[in-house]
Amino acid sequence: MKQPKQPSFFDAFLPISVLVCLLGAAVYLYGDNSSSGPNQIALLFATFTAALIGLKNGYTWKTLEEAMIKGITLSLGAILILLMVGALIGTWLLSGTVPTLIYYGLQIINPSWFYAASCLICGIVAMSIGSSWTTAATIGVALLGVATGLGLDQVVTAGAVISGAYFGDKLSPLSETTNLAPAVAGSDLFEHIQHMLWTTVPSFVIALIIFTFMGFSADVNSDIGRIEEIVDILQGNFNINPVMLVPLLVLLGLAFKKMPAFPAISIGAVVGAVWAMLFQGDLILSQIDASQGELVGYFKLVWATFYQGFTVSTGDTKMDDLLSGGGMSSMLTTTWLVMTALMFGAIMEKTGLLEIFVRSILKVAKSTGSLIASTVATCIGTNVIAADQYIAIVVPGRMFKEEYEKRGLKPVNLSRTLEDGGTITSPLIPWNTCGAYMQSVLLINPFDYAIYAFFNLINPLLAVIYAYLGIKILRIKPEQTEQSA
């Protein structure tokens, strides 16, 4: 069989140019609705462009199709989690779990400290359970509700939630990316985490300082009357009680015990449904269609919450928006976005178009500083092009590993850099699996919250500064080189 020919730089540049132009046009024409279809079409056209280049270079359509199918297959785990998170949000709204978190949050959190506290709380939870996604879907959603009650900016709050969630996720030994990066680079897990502290902790401290300053200087529009009004709405429509937090504690406990995300979130959603039937009877009875009998209507409403979410009518439009949502159907647009993004990434990798950029980068990366900066840039670029944080860790890690070894750099330098550039920047890109997920959960476009996700912005920058200044860049000792040989 004839071998496909090597692609040129122009070959690699063309589909990316198509993607960037179409994504820019989608944002310009559709604004915040760009992820509801326009971005998916842009990704499909960019995929077709890359496929045509692959055909030109000698790849068969069957090979390209198999690559796309494999790319979609890689996303199936994330899609299952997405769908179940939708169900969880719906049942937790109906069960009163989210309303209870909002209720107590309004009671105990001071507006001046709110942004910093949100960031810190999400950081602690994510570090405990190893999941930024679960943290955002549970604690993050509730904190956005508290922000509304306190008259604070929801977009800044989303930035604080993302910052905290990814700080905790990045340093947790339970996190998938924290295990993946050292596995790809060939470093030890706990040595990897220890080495990450040097870039991660200072970045987080700076982010907390900024959030604290923003909290104290914010023009807080909350008034006691409005907060009391919100509290009355919550108490008037839901049974508010600390017992309503049991579904959250169950989910966090399962995550801490290292149960995989999909079954843990599924159990959390089911516990939420059970809690709704046990403790929110009056609310359910006020919403059911009793034409088929009260018991049947009761059962139908709870069942429907899994797939279409929960809708409440309180007489207050803003509170209705806050307390309604969820359901698996709410995640279908995000699922579509994830699938099209990974199709494009798979074609780019299979046809060697992605590798062209890395080879071009290595030609100019002469110093250690420029090598690490190039790795960070490649991870960010892969997040943009391949649209998945796992690919943004695996592909650059595989491509740069040999170069780090040649230059006598310990594997932990690479594994840390993969996280500094790959893990951290993924939620800032709307068509990335992480960015799409965060938008579907927090209902805020990544383009809006990205400028306030201070930790995610500072961390890659600090990694590059460390690299050029030679701070905590570990080198292989001569005897280690001999042993590896």
Side-chain angles (χ1 to χ4, degrees), residues 83-107 137-146 148-149 225-254 264-332 440-443:
L83 293 173
M84 196 47 65
V85 164
L88 178 134
I89 292 173
T91 62
W92 281 21
L93 285 168
L94 180 61
S95 69
T97 300
V98 172
T100 298
L101 282 168
I102 295 171
Y103 175 86
Y104 287 118
L106 288 171
Q107 310 291 322
T138 54
I139 306 298
V141 170
L143 286 170
L144 285 173
V146 176
T148 300
R226 177 56 179 164
I227 292 176
E228 289 179 352
E229 187 179 342
I230 291 171
V231 167
D232 288 341
I233 288 172
L234 292 172
Q235 289 179 320
N237 289 274
F238 298 90
N239 177 12
I240 302 294
N241 189 295
V243 176
M244 301 305 111
L245 300 179
V246 167
L248 172 63
L249 297 176
V250 169
L251 176 61
L252 296 181
L254 292 174
I265 293 170
S266 300
I267 292 170
V270 171
V271 172
V274 172
W275 245 238
M277 290 187 285
L278 290 176
F279 298 104
Q280 303 297 341
D282 291 340
L283 173 63
I284 294 174
L285 288 172
S286 70
Q287 294 210 349
I288 66 171
D289 175 9
S291 61
Q292 295 175 284
E294 192 173 282
L295 184 62
V296 173
Y298 201 94
F299 182 69
K300 280 178 67 178
L301 179 71
V302 175
W303 188 345
T305 303
F306 280 89
Y307 67 86
Q308 69 180 23
F310 171 68
T311 303
V312 66
S313 180
T314 65
D316 185 307
T317 305
K318 289 187 176 179
M319 290 302 293
D320 289 349
D321 292 340
L322 179 63
L323 299 172
S324 303
M328 290 184 179
S329 60
S330 68
M331 296 294 178
L332 294 180
S440 66
V441 168
L442 303 178
L443 304 180

Please tell me if the side chains of S324 and L93 come closer than 4.5 Å, counting only heavy atoms from C-beta onward. no
Using side-chain heavy atoms (C-beta onward) and a distance below 4.5 Å, is T138 in contact with L101? no
Within the 4.5 Å heavy-atom criterion, are I230 and L322 side-chain neighbours or not? no
Contact list for residues 86-101, test side-chain hydrogen bond (donor to acceptor under 3.5 Å, both in side chains), sequence neighbours left out: S95-T97
Here the gap from I284 atom CD1 to K300 atom NZ, rounded to the nearest 0.5 Å, amounts to 14.5 Å
Polar side-chain atom of W275 near backbone of V243 as donor-acceptor pair, under 3.5 Å: yes
Does the side chain of Q287 come within less than 4.5 Å of T311's, by heavy atoms? no
When rounded to the nearest 0.5 angstrom, what is the spacing between CG in L94 and CD1 in I89? 14.0 Å
Considering all heavy atoms, the nearest P247-G268 contact: CB-O, 4.5 Å
Taking every non-hydrogen atom, the tightest pair across A269 and A87: CB-C, 4.2 Å
Test item: M319 and L234 side chains (from C-beta on) under 4.5 Å apart, heavy atoms: yes
Compare all side-chain heavy atoms of D321 with those of L443 and state whether any distance is below 4.5 angstrom. no
Please report the shortest heavy-atom distance between A137 and V85, naming the atom on each side. CB-CG1, 3.7 Å
Rounded at 0.5 Å granularity, tell me how far CG in L143 sits from CD1 in I139. 7.0 Å
Any idea how F299 and W303 line up, ring-wise: parallel (<30°), tilted (30 to 60°), or perpendicular (>60°)? perpendicular
Contact check, side chains of M244 and V98, non-hydrogen atoms, under 4.5 Å: no
CG (L88) and CE (M328) are apart, to the nearest 0.5 Å, by 10.5 Å
Provide the full list of side-chain hydrogen bond (donor to acceptor under 3.5 Å, both in side chains) pairs with a residue in residues 231-254, sequence neighbours left out, each pair given once. Y103-Q235
Y298 meets the ring-ring contact (aromatic ring centres under 6.0 Å, His included) criterion, sequence neighbours left out, with none
Rounded distance (nearest 0.5 Å) linking atom CG of L323 with atom CZ of F238: 5.0 Å
Test item: F310 and L283 side chains (from C-beta on) under 4.5 Å apart, heavy atoms: yes
For L251 and I265, what are the C-alpha separation, side-chain angles and deciding distance, and is it a side chain to side chain contact (heavy atoms under 4.5 Å, CB included)? CA-CA 7 Å; L251 176 61; I265 293 170; 4.2 Å; yes
Minimum-distance pair of heavy atoms, taken over all atoms of G96 and Q280: CA-NE2, 3.8 Å
Here the gap from L332 atom CG to L83 atom CG, rounded to the nearest 0.5 Å, amounts to 6.5 Å
